[in-house]
Amino acid sequence: MLIIESLLEKDTDSLPLKLAVNSRAEMEIGRYHWMYPGSKNHQYRPVPTLGDRAGPLSSPGCFECCIKCLGGVPYASLVATILCFSGVALFCGCGHVALAGTVAILEQHFSTNTSDHALLSEVIQLMQYVIYGIASFFFLYGIILLAEGFYTTSAVKELHGEFKTTACGRCISGMFVFLTYVLGVAWLGVFGFSAVPVFMFYNIWSTCEVIKSPQSNGTSGVEQICVDVRQYGIIPWNAFPGKICGSALENICNTNEFYMSYHLFIVACAGAGATVIALLIYMMATTYNYAVLKFKSREDCCTKF
């Protein structure tokens, strides 16, 4: 009997120690499950937030959804696309009509012989076909770059979750960067070339203004003021008449063909400048998109290891 009582006393004395050990073990297990909620023995129940307890009226409405969708728009690519479409449309449309008006002015006033400007007519007709191709190409290219901006912007990644980058996708993005840089350099040349007819028409227009000015010394002085388009290399030197002077030159400046062609060439030059600016924005946007894909691919490789 004494032996049993002594054993009970020993067990009673060690009871707080056992409780302390068990409670500490349970605390460690609870801490493990809190840090790693994916364990099998733990059933994770998220704590309801204030918005969840507030009821169905607190769910995000149409305004919040619109704001979230607007956050996924690549505004740089969108602005560049609008500017590119506008610039190419102005350059191609106005340039096409202005070239036709230039041919009409040359045939009626500066080169009456058809064989003298036959080569020029063929070149202008070829340029008009090239304009059709340029308009079609940039329409498709602008849409492709805009789509690439949508799928590679960081805002879209936040909306649609994680995605995996591939070597093919990075190669396509790098190709867009290279092609955009090449097109940007080429359009700098187009912009400079489009300024040449503006310079020519401006010289003719300024000469007509000199003829109209009251400082001209009578009729004899006016007839000595001439414009020779053969010096610009448009028509050969044996073209007749090739040079127009005095009142005949003033009559050319007053025609609708000259007025429309001059201003259309100015608008076409402005359109080429707008396209150059759009391609510069595309350069920055495509370079950023390629850098995002490159960084994402390195991040994916690091997470694998």
Side-chain angles (χ1 to χ4, degrees), residues 86-135 187-276:
S86 302
V88 172
L90 289 176
F91 175 79
C92 295
C94 297
H96 185 275
V97 179
L99 287 173
T102 303
V103 172
I105 292 173
L106 290 174
E107 290 178 350
Q108 295 175 6
H109 304 284
F110 291 96
S111 180
T112 56
N113 191 1
T114 307
S115 61
D116 292 337
H117 58 270
L119 180 61
L120 178 63
S121 299
E122 293 178 359
V123 171
I124 290 179
Q125 187 177 6
L126 179 62
M127 290 176 64
Q128 289 176 341
Y129 285 116
V130 170
I131 284 175
Y132 298 147
I134 289 174
W187 268 95
L188 284 175
V190 173
F191 176 67
F193 179 76
S194 63
V196 174
V198 176
F199 173 74
M200 294 168 50
F201 274 83
Y202 175 76
N203 285 338
I204 298 174
W205 175 80
S206 61
T207 304
C208 293
E209 292 297 320
V210 172
I211 295 174
K212 296 177 183 178
S213 63
Q215 287 82 11
S216 300
N217 298 323
T219 306
S220 59
V222 169
E223 294 300 327
Q224 294 177 358
I225 301 175
C226 303
V227 170
D228 191 354
V229 297
R230 294 175 296 182
Q231 62 183 347
Y232 298 111
I234 299 176
I235 55 178
W237 283 102
N238 57 356
F240 181 83
K243 181 173 69 173
I244 302 296
C245 303
S247 59
L249 179 60
E250 185 179 359
N251 293 330
I252 294 175
C253 294
N254 293 329
T255 57
N256 292 326
E257 290 83 3
F258 180 85
Y259 181 82
M260 289 295 297
S261 299
Y262 179 37
H263 289 83
L264 287 175
F265 274 125
I266 294 175
V267 177
C269 184
T275 307
V276 171

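It should be emphasised that the depicted structure is a prediction, and the values quoted were computed from it without experimental measurement. For the single chain, residues carry numbers from 1 onward in sequence order.
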Would you say [X] has more than 12 foreign heavy atoms packed within less than 6.0 Å of its [atom1]?
X: Phe199; atom1: CZ; result: no
X: Met260; atom1: CE; result: no
X: Asn238; atom1: CG; result: yes

Review point. Can you tell me how far the SG atom of Cys269 sits from the CG atom of Leu264, to the nearest 0.5 Å?
Key: 13.0 Å

Are any of the side-chain heavy atoms of [X] and [Y] separated by less than 4.5 Å?
X: Met127; Y: Val123; result: yes
X: Met200; Y: Ile234; result: yes
X: Leu188; Y: Val276; result: yes

Taking every non-hydrogen atom, the tightest pair across [X] and [Y]:
X: Leu249; Y: Cys226; answer: CD2-C, 4.4 Å
X: Gly95; Y: Ile131; answer: C-CD1, 4.2 Å
X: Ser261; Y: Ala98; answer: OG-O, 3.8 Å
X: Ile244; Y: His109; answer: CD1-O, 3.4 Å

Practice item. With sequence neighbours excluded, tell me which residues meet disulfide (SG to SG under 2.5 Å) with Cys94. Key: none

Practice item. Can you run down the side-chain hydrogen bond (donor to acceptor under 3.5 Å, both in side chains) pairs that involve residues 119-133, sequence neighbours left out, and say none if there aren't any? Key: His96-Tyr132

Check your understanding: In terms of ring plane angle, is the pair Phe265 and Phe201 parallel, tilted or perpendicular, where the classes change at 30° and 60°?
Key -> tilted

**Study point:** Sequence neighbours excluded - salt bridge (Lys or Arg N to Asp or Glu O under 4.0 Å) pairs with any residue from residues 224-242
**Key:** Asp228-Arg230

